[in-house]
Amino acid sequence: DVQLQASGGGLVQAGGSLRLSCEASVSEYTFDEYAIAWFRQAPGKEREGVACISTSDGGIYYADSAKGRFTISSDSAKSTVSLQMNSLKPEDTSVYYCSADRWLRCIYPVADEFDYWGQGTQVTVSS
């Protein structure tokens, strides 16, 4: 079983930065066996994969909307994955969720493929 705790959301002006954190509590297996992804979902829209990291094979994925602005990183010692978001835009406003799945490769994260989810954290970017 995996418990995920997301944090770091907030209100920021356009052009600003936020850092989201996802702390995982893994009861069996090891943290490094899990792919961790960040998804976001705005009202009336589908859940979108933003970034994903899999320590097991070094895989990293970014959505086109995140490339060049967001950086995902993993700290195995702390069982934490962070998402540094720079140059934020109003269209980045959404609820952000972290998710995990064992042995999944971060080629193109799809929400249905992830078994474990944290609670959402709201990111609001004002223009």
Side-chain angles (χ1 to χ4, degrees):
D1 192 27
V2 178
Q3 304 292 326
L4 301 172
Q5 181 70 40
S7 61
L11 172 64
V12 65
Q13 289 187 332
S17 299
L18 282 174
R19 186 177 183 87
L20 305 183
S21 292
C22 178
E23 184 175 359
S25 177
V26 180
S27 62
E28 58 182 340
Y29 309 118
T30 64
F31 173 76
D32 288 348
E33 293 177 2
Y34 290 85
I36 307 291
W38 285 96
F39 287 81
R40 65 187 182 186
Q41 188 167 23
K45 294 189 177 181
E46 291 187 357
R47 194 163 292 192
E48 170 195 15
V50 176
C52 181
I53 187 166
S54 54
T55 305
S56 61
D57 66 352
I60 292 180
Y61 164 89
Y62 293 104
D64 287 344
S65 58
K67 288 178 181 176
R69 301 188 299 127
F70 294 3
T71 302
I72 191 169
S73 60
S74 178
D75 186 338
S76 297
K78 297 181 179 179
S79 298
T80 298
V81 168
S82 298
L83 183 68
Q84 177 67 40
M85 304 187 296
N86 299 328
S87 302
L88 283 163
K89 305 174 182 180
E91 51 263 44
D92 293 317
T93 295
S94 193
V95 178
Y96 284 71
Y97 301 88
C98 63
S99 59
D101 200 81
R102 188 167 175 253
W103 295 128
L104 189 68
R105 297 178 66 191
C106 291
I107 298 174
Y108 183 79
V110 176
D112 288 347
E113 294 178 335
F114 287 79
D115 287 338
Y116 304 101
W117 292 84
Q119 88 290 2
T121 184
Q122 177 71 45
V123 171
T124 302
V125 184
S126 63
S127 57

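Small disclaimer: the values here were computed from a predicted structure and weren't measured. Just so you know, these numbers use all the heavy atoms, side chains as well, and skip hydrogens, waters and symmetry mates.
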Does Val95 reach the side chain of Phe39, with side-chain heavy atoms less than 4.5 Å apart? no
Given side-chain contact (heavy atoms from CB on, under 4.5 Å), test Ile53 with Tyr62 step by step and report yes or no. CA-CA 9 Å; Ile53 187 166; Tyr62 293 104; over 6 Å; no
Determine whether a donor-acceptor pair (N or O, by modelled atom type, separation under 3.5 Å) exists between the side chain of Ser27 and the backbone of Asp1. yes
Could you state whether Trp103 and Ile60 fall into the same hydrophobic cluster, counting links through intermediate Ile, Leu, Val, Met, Phe, Trp or Tyr residues with side-chain heavy atoms under 4.5 angstrom apart? no
Tell me, do Trp117 and Arg47 make a side-chain contact under 4.5 Å, heavy atoms counted? yes
Roughly how far apart are Arg40 CZ and Glu91 CD, rounded to 0.5 Å? 8.0 Å
Taking all heavy atoms of Phe114 and all of Ser99, pick out the closest pair and write down the distance. CD2-OG, 3.3 Å
Between Thr124 and Gln122, is any side-chain donor less than 3.5 angstrom from a side-chain acceptor? yes
Report yes if some heavy atom in the side chain of Ser65 is under 4.5 Å from a heavy atom in the side chain of Glu48; otherwise report no. yes
Transitive ILVMFWY side-chain link Val50 to Val125, under 4.5 Å: yes
Would a 4.5 Å heavy-atom cut-off, applied to side chains only, mark Gln3 and Glu23 as touching? no
Nearest heavy-atom neighbours spanning Ile72 and Trp38: CD1-CD1, 3.9 Å
If hydrophobic clusters are built from ILVMFWY residues whose side chains come within less than 4.5 Å, do Val110 and Leu104 share one? no
Side chains of Phe31 and Thr80 in contact at under 4.5 Å (non-hydrogen atoms): no
Do Tyr116 and Tyr97 sit in one hydrophobic cluster, given that two such residues count as connected whenever their side-chain heavy atoms are within less than 4.5 Å of each other, even indirectly? no
Minimum heavy-atom separation for Ser82 and Ser21, please, with both atom names. OG-OG, 3.7 Å
Indicate the atoms forming the closest heavy-atom contact of Cys52 with Pro109, along with that distance. CB-CG, 4.1 Å
As an exercise, state the distance from OG of Ser7 to CZ of Arg19, rounded to the nearest 0.5 Å. 10.5 Å
Here the gap from Gln84 atom CD to Thr71 atom OG1, rounded to the nearest 0.5 Å, amounts to 7.0 Å
Residues Asp92, Lys89: salt bridge by 4.0 Å N-O rule: no
Side-chain contact, heavy-atom cut-off 4.5 Å: Asp101 with Glu113? no
Quick check on the hydrophobic clustering: are Ile36 and Tyr29 connected, directly or via other members, by side-chain heavy-atom contacts under 4.5 Å? yes
Starting at CZ of Phe70, measure out to OG of Ser17 and round the result to the nearest 0.5 Å. 9.5 Å
Under 3.5 Å: donor-acceptor pair, side chain of Thr55, backbone of Asp32: no
Is the number of heavy atoms from other residues, nucleotides or ligands within 6.0 Å of CZ (Arg105) greater than 12? no
Glu33 side-chain N/O to Ser56 backbone N/O, donor-acceptor pair under 3.5 Å: no
In terms of heavy-atom contacts, Ala24 and Val2 come closest through CB-CG1, 4.5 Å
To check you understand the geometry: which heavy-atom pair defines the closest contact between Ala51 and Leu83, and what is its length? CB-CD1, 3.9 Å
